[in-house]
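Report on the following structure.
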Amino acid sequence: MAADSTHKLKARLPRGLSDRGAAEIALSRTMLEQIRTVYELYGFEAVETPAIEYTEALGKFLPDHDRPHEGVFSFQDDDEQWLSLRYDLTAPLARYVAENFDRLPKPYRSYRYGWVFRNEKPGPGRFRQFMQFDADTVGAASVAADAEICMMAADTMERLGIARGSYAIKVNNRKVLDGVLAGIGLGGRDKAHQRLTVLRAIDKLDRLGPEGVRALLGAGRKDESGDFTKGAGLAKEQIELVIKYVLTRRSRTGGVKSAIEALGKRALSFISAIDNSPAGIPAGDNAQTLASLRSEFGLNPTANEGLDELQQIAELAGAAEYKEDRIVIDPSVVRGLEYYTGPVYETELTFEVKDDDGRPVRFGAVAGGGRYDGLIARFRGEPVPATGFSIGVSRLMAALRHLGKGEEKPAAGPVVVTVFDKDRVADYQRMVMQLRDAGIRAELYLGDGRMGPQLKYADKRGAPCVVIQGGDEHARGEVQIKDLIEGAKAAEAIASHKEWRETRPAQFSVPETKFVEAVREVLARHGIDHH
RNA sequence: GCAGCUGUAGCUCAGUUGGUUAGAGCGCCUGACUGUGGAUCAGGAGGUCGGUGGUUCAAGUCCACCCAGCUGUACCA
């Protein structure tokens, strides 16, 4: 392509993807580290699989016809086999476990994180490439495994600095849903499509409210843009039963005092304060919820089985002091319409997040999971019970970033050693090395320019201080150290440029032999880490 | 995918009922200030007005189609 100045290439990022800068990477690294710490504490071990799998291994979406299923990034290998970028970490884990089944300890407890890809419409907290962090227990049929994962989810949120009450681990069971639907005459193979429509409607309770769900269960619903969604076409009594079921959870509303507390870590420090906006906390009384569900729907054996499991989870969690302010039974949780077979859970943030224009932003669940006893069986022919969950790190991070109201404090930059005299670059380089040997981030100014541009550069880099040695200092065996942070403060009181330059605020001279020590003191004064 | 709204400088926006050479603030660069980041002042660079076609003597402005973004909705393994 010719470098034609009138038709230059437009630099642009494909939508749904994002570049990340230093501050974001630092935050991400901290979050991953904190999640990992909790998972390790629970005894899970690390495992990693590649981003690409055979398409057939990822699910039922084989690229039939000529083109692969939309939503998945797929391509053909040399041998014409279809490959796809993974769209979650669960299907690849199932492949890995099935392939290495004989040598893995059972139950096999593992965690992994990585990028996953979905080719769908992006939105707030929805990306085409995003990071997930999963933990799974394979080979344990006991609901104790599910209960443990719910507790771990709660621990993880708190470890990430999200205060109790500002998140909720909501639990439900697919068997209860199935039982309830069978109870209103939606059992059986021929009603599968209608069942799906009902489940989708239930899933929208948070977003549309009971009235919206009612409409979707009946004739249909018209949204605010005038678009119409066809409903499930249920009769009045059926609708009321489903609504009754969905609203069984006793929710109460309360204010969130401080959603984010004790973030401590510097990488998270840009998250300043959040609104004290009241938010609905999906609290409730699990025992009451269960009792109501049982009296209404317990006659159905499938539902009853699911309720037993939910009860065990609630009891196990409760015995470990994980009460309803953390883990709450919520009949409206549907999740993963396809492969979940028993308990399902999702984590929601209960505080409101607003965008730059002050409008509320809906992020949806930041983590989710459940029991998928059938997934590994696809590879092995024998049922292998498994349960796990996944944190949407990218979405969670997007939500937390929105709380920061845009102000991101970049991490401190390196100490910049300026080049005063071009003939003495070697000397300056040696000073840089002395700083580095002392464990201090440092760099030589590598650009061209006089002192002005060099200091401007240091300022832009967030350098805590610069080192200057001109001819005069050199002759005296001294170096100048300029504290840029202190200097910026002093500048507020200085009005004239002349005075500004002559006073040289926050700048001092030290003997050459002591300059590393002096730099170290400046860093310590500003609380900047170094070895 | 469907629907609504929006596209003017790097960013936020103004631009009269269609009328000379399309503006402002912020940001960026240069200088005042030849050994010093800020502030102030002066100057400068930066636009095929999202694209294409049409109506008109004349289009940033009106019309059609396309593209992109935002919001809602659908789908989401």
Side-chain angles (χ1 to χ4, degrees), chain A residues 5-8 10-16 55 57-62 69-72 84 86-88 90-91 94 116 118-124 126 128 196-197 200-201 203-204 207-208 212 216 220-230 334-340 355-357 359-362 364-365 368 372 375 413 416 418-421 445 449-474 480-507:
Chain A
S5 60
T6 59
H7 287 98
K8 65 184 170 207
K10 189 171 183 189
R12 60 201 189 111
L13 188 66
R15 66 179 184 157
T55 302
L58 291 182
K60 56 174 191 169
F61 297 98
L62 304 180
H69 186 269
E70 54 191 89
V72 184
S84 294
R86 63 187 174 192
Y87 51 76
D88 68 15
T90 307
V116 303
R118 296 187 190 182
N119 191 7
E120 46 185 32
K121 184 190 159 187
R126 297 186 68 160
R128 294 205 294 173
L196 199 62
T197 311
R200 283 172 186 159
D203 201 33
K204 293 176 175 61
R207 209 145 42 85
L208 307 179
L216 284 173
R221 173 180 179 271
K222 189 180 270 192
D223 71 44
E224 58 197 62
S225 75
D227 204 17
F228 184 77
T229 309
K230 196 170 182 299
V334 177
R335 276 213 82 73
L337 304 170
E338 235 23 80
Y339 57 60
Y340 290 120
D355 67 11
D356 296 340
D357 300 327
R359 289 175 301 203
V361 181
R362 203 175 285 283
Y372 50 97
L375 199 55
V416 172
T418 55
V419 175
F420 192 97
D421 181 351
Y445 179 74
R450 302 189 312 273
M451 215 27 58
Q454 298 199 38
L455 283 171
K456 238 176 208 171
Y457 168 83
D459 194 43
K460 218 165 224 175
R461 286 297 310 274
C465 65
V466 296
V467 174
I468 303 168
Q469 191 184 48
D472 300 348
E473 292 87 358
H474 186 47
Q480 295 274 343
I481 292 170
K482 191 179 183 71
D483 182 337
L484 295 185
I485 298 170
E486 206 53 48
K489 281 185 208 152
E492 288 166 20
I494 300 176
S496 93
H497 189 71
K498 192 170 180 210
E499 183 193 356
W500 158 253
R501 276 177 64 167
E502 282 170 359
T503 54
R504 290 186 177 170
Q507 183 170 339

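Chain letters run A, B, ... following the sequence lines, proteins first, then strands; residues in each count from 1.
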Measure CD/A:Glu120 against P/B:C75 and give the value in whole Å, please.
12 Å
With sugar-phosphate meaning primed atoms plus P, OP1 and OP2, does A:Gln507 contact a base, only sugar-phosphate, or nothing at under 4.0 Å between heavy atoms?
base
Check every strand shown and say whether A:Leu375 touches a base, only sugar-phosphate, or nothing at a heavy-atom separation below 4.0 Å.
nothing
What does A:Lys204 touch in the nucleic acid at a heavy-atom separation under 4.0 angstrom: a base, only the sugar-phosphate, or nothing?
sugar-phosphate
A:Lys121 has a side chain; which of B:A74, B:G38, B:G31 sits nearest to it?
B:A74
Give one of base, sugar-phosphate or nothing for A:Asp88, where a contact means two heavy atoms less than 4.0 Å apart.
nothing
Base, sugar-phosphate, or nothing for A:Thr418, non-hydrogen atoms under 4.0 angstrom?
nothing
Who is the Watson-Crick or G-U wobble partner of B:U20, with both distances under 3.5 Å?
none
At less than 4.0 Å, is any side-chain N or O atom of A:Lys498 found next to OP1 or OP2 of B:G38? Yes or no.
no
Position toward the 5' end of RNA chain B (nearest nucleotide), A:Ile468 or A:Ala495
A:Ile468
When we call it a touch if two heavy atoms are under 4.0 Å apart, what does A:Arg207 touch: a base, just sugar-phosphate, or nothing?
sugar-phosphate
Touch check for A:Glu473, heavy atoms < 4.0 angstrom, all strands: base, sugar-phosphate only, or nothing?
base
Side-chain-base donor-acceptor pair under 3.5 Å for A:Arg200 and B:C75
no
Taking any heavy-atom pair under 4.0 Å as a contact, classify A:Phe228: base, sugar-phosphate, or nothing.
nothing
